[in-house]
2 protein chains.
Amino acid sequence: MFSKACEYGIKAMIYVGTQSLKGERVKIGEIVENVGSPEAFTAKILSDLVKNGLIESLKGPYGGFYIPSDQMESIKVIHIVSVIDGDAIFSGCGLGLRECNAQEPCPMHTKFVKIRSELKQALASTSLLELANGIKSGKTILVR
Amino acid sequence: MFSKACEYGIKAMIYVGTQSLKGERVKIGEIVENVGSPEAFTAKILSDLVKNGLIESLKGPYGGFYIPSDQMESIKVIHIVSVIDGDAIFSGCGLGLRECNAQEPCPMHTKFVKIRSELKQALASTSLLELANGIKSGKTILVR
DNA sequence: TTTATTTCCGACAAAAATATCGACAATAAG
DNA sequence: CTTATTGTCGATATTTTTGTCGGAAATAAA
């Protein structure tokens, strides 16, 4: 479904989110500990998310990553996925046709339209705040 | 969503299906012409599908691939996908957790359960016959 | 039996995704 | 200003996926 990079990116964002709610910045080492992802690779993905404005970073001692709490409601999973994997999952033909639409559909087109739009809807309606709160309350987990 | 191998495999099965309905065997060259996939790679994927009993093959002159017409209704897309990509798409955690279930769910678990089960349902209820008929009638296309 | 045809199979090659490493730049504290 | 800390960046390595090649095996026709 998602690439490894995207899985790591989403989980890292969620973890940073939980700590940002407490007003704490997190270092990459703490992130990968709590997310179970390779450090250098995860750092690279986070840089990408920084460039795209989904997360903030600060270098030096007491530095790290953080997400302004007032942005966590408006950051949706679809934004993270789009930055890392692009939007081929919710656009793009399931059978790989360059063009595939209602006029000239691939054999699976009608079956996929519904599923993809539901996926898109789910990703677009799920906020980082919601996911971070799930971790905070212990209802959900990020690792294992 | 699917791997390239899986996309090629599904499209090849559909094309062979359309020709099998006319009682014709098809050679790999004809398949890749009508599906737009690399020949040697597609041949390898088809061998895999032969081994798994989803398609028949015959070597030598007048040989090629074919699917007994009376099997085309019972062959579902999910069978093709399972052989080539495994079932990680409809099972397996969306965030890559080794174990992820209602007791210990990842943050996206509840959102994904529904989408994955619908995907599974769609793939399990779509037969090769149905897809081949779509091509045959010109309602759908395999290439471009 | 010979020949032409076609799939099968294993080795290899290329490209993309995943992952690591080390040097560099920014920052805070003393 | 110096030092320690931490993210950034480019180069490189590893693994997986995608793709190619050539010969072996099977088959049908002559």
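Computed over heavy atoms, backbone and side chain alike; hydrogens, waters and symmetry mates excluded. Below, chains carry the letters A, B, ... as their sequence lines are ordered, and counting in each starts from 1.
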Peer 1: Considering residues at least two apart in sequence or located in another chain, which fulfil the salt bridge (Lys or Arg N to Asp or Glu O under 4.0 Å) criterion with E118(B)?
Peer 2: K114(A)
Peer 1: Specify the closest pair of heavy atoms between L131(B) and P107(A), including all atoms of both residues, with the distance to one decimal.
Peer 2: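 The answer is CD2-O, 3.4 Å.
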Peer 1: Within a strict 4.5 Å, meaning less than it, do heavy atoms of the M13(B) and H79(B) side chains meet?
Peer 2: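 Not in contact.
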Peer 1: Once you round it to whole Å, what is the distance between P of dT7(C) and CG of D48(B)?
Peer 2: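 Interatomic distance, CG of D48(B) to P of dT7(C): 16 Å.
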Peer 1: Quick one, which residues of residues 79-100 of chain B touch DNA chain D with a heavy atom under 4.0 Å?
Peer 2: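 Per residue number, the list is empty: none.
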Peer 1: From CD of E30(B) over to P of dT6(C), roughly how many Å is that when rounded to an integer?
Peer 2: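 The distance from CD of E30(B) to P of dT6(C) comes to 11 Å, rounded to the nearest Å.
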Peer 1: Anything under 3.5 Å between a protein N or O and an N or O of nucleotides 1-3 of chain C, put it in a table, one pair a line.
Peer 2:
none

Peer 1: By the 4.0 Å heavy-atom rule, please label V32(A) as base, sugar-phosphate, or nothing.
Peer 2: nothing
Peer 1: For the side chain of A5(A), counting heavy atoms from C-beta on, which of dT18(C), dC9(C), dT7(C) is nearest?
Peer 2: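 Nearest to the side-chain atoms of A5(A), counting from C-beta on, is dT18(C).
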Peer 1: Has S57(A) got a side-chain N or O lying under 4.0 Å from the OP1 or OP2 atom of dT8(D)?
Peer 2: yes
Peer 1: When every nucleotide of nucleotides 22-30 of chain C is labelled 5' to 3' by its protein contacts under 4.0 Å (heavy atoms), B for base, S for sugar-phosphate only, - for none, what sequence of letters results?
Peer 2: ----BBB--
Peer 1: Return the value, rounded to whole Å, for the distance between atom CZ of R25(B) and atom C1' of dT7(C).
Peer 2: 12 Å
Peer 1: I'd like to check L54(A) versus D48(A) (side-chain heavy atoms, cut-off strictly below 4.5 Å). Are they in contact?
Peer 2: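 Counting from C-beta outward, L54(A) and D48(A) never come under 4.5 Å.
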Peer 1: Would you indicate whether the side-chain heavy atoms of V50(B) and F65(B) approach each other to under 4.5 Å?
Peer 2: yes
Peer 1: Hey, which of these two, G63(B) or K51(B), hits DNA chain C nearer its 5' end, going by closest nucleotide?
Peer 2: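 By nearest-heavy-atom nucleotide position, the 5'-most residue is G63(B).
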Peer 1: Roughly how far, to the nearest 0.5 Å, is CD1 of I135(A) from CD of Q19(A)?
Peer 2: 10.5 Å
Peer 1: Apply side-chain contact (heavy atoms from CB on, under 4.5 Å) to I84(A) and L49(A), showing your working.
Peer 2: CA-CA 8 Å; I84(A) 303 175; L49(A) 292 170; 4.2 Å; yes
Peer 1: Over the length of the helix from dT1(C)-dA30(D) to dG30(C)-dC1(D), how much do the five-pair end axes diverge, rounded to 10 degrees?
Peer 2: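 The angle separating the two end axes equals 10°.
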Peer 1: Phosphate oxygens OP1/OP2 of dT6(D): is one of them under 4.0 Å from a side-chain N or O of K27(A)?
Peer 2: yes
Peer 1: Looking at side-chain heavy atoms only, is the closest gap between V35(A) and T42(A) below 4.5 Å?
Peer 2: no
Peer 1: Kindly give the heavy-atom pair with the smallest separation between T18(A) and Y15(A), and that separation in Å.
Peer 2: OG1-O, 2.6 Å
Peer 1: Mind listing the closest non-hydrogen atom pair of K76(B) and E73(B) along with its distance?
Peer 2: NZ-O, 3.2 Å
Peer 1: Taking all heavy atoms of C106(B) and all of C93(B), pick out the closest pair and write down the distance.
Peer 2: SG-SG, 3.7 Å
Peer 1: Side chains of L119(B) and M1(B): does their closest heavy-atom pair fall under 4.5 Å?
Peer 2: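 With C-beta onward as the side chain, the pair touches.
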Peer 1: Figure out the CG/P separation between L49(B) and dC8(C), and round it to whole Å.
Peer 2: 11 Å
Peer 1: Which is true for I28(A) with a 4.0 Å heavy-atom rule: it touches a base, it touches only sugar-phosphate, or it touches nothing?
Peer 2: sugar-phosphate
Peer 1: Is any side-chain nitrogen or oxygen of Y8(A) closer than 4.0 Å to OP1 or OP2 of dT18(C)?
Peer 2: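 For dT18(C), neither OP1 nor OP2 has a side-chain N or O of Y8(A) closer than 4.0 Å.
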Peer 1: With a 4.0 Å cutoff (strictly under), does any side-chain N or O of S47(B) reach OP1 or OP2 of dC9(C)?
Peer 2: no
Peer 1: Do L123(A) and I80(A) touch side chain to side chain, with heavy atoms closer than 4.5 Å?
Peer 2: no
Peer 1: Considering non-hydrogen atoms only, spot the tightest contact between V77(A) and I10(A) and give its length.
Peer 2: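 So the minimum-distance heavy-atom pair works out to CG1-CD1, 4.1 Å.
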Peer 1: What contact category does G64(A) fall into here, base, sugar-phosphate, or nothing, at under 4.0 angstrom with non-hydrogen atoms?
Peer 2: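 Since only primed, P, OP1 and OP2 atoms lie under 4.0 Å of G64(A), the category is sugar-phosphate.
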Peer 1: Atom NZ of K4(A) and atom P of dA19(C): how far apart are they, to the nearest Å?
Peer 2: 7 Å
Peer 1: Quick one: does M108(B)'s side chain get under 4.5 Å of T140(A)'s, heavy atoms only?
Peer 2: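 Counting from C-beta outward, M108(B) and T140(A) never come under 4.5 Å.
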Peer 1: Which pair of heavy atoms, one from A12(A) and one from L46(A), lies closest together, and at what distance?
Peer 2: CB-CD2, 4.0 Å
Peer 1: So if I take residues 33-45 of chain A and measure heavy-atom distances to DNA chain C, which residues fall below 4.0 Å?
Peer 2: P38(A), A40(A), F41(A), K44(A)
Peer 1: For the residue pair F112(A) and F2(B), does the interplanar ring angle fall in the parallel (under 30°), tilted (30 to 60°) or perpendicular (over 60°) class?
Peer 2: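 Aromatic pair F112(A)/F2(B) classed tilted.
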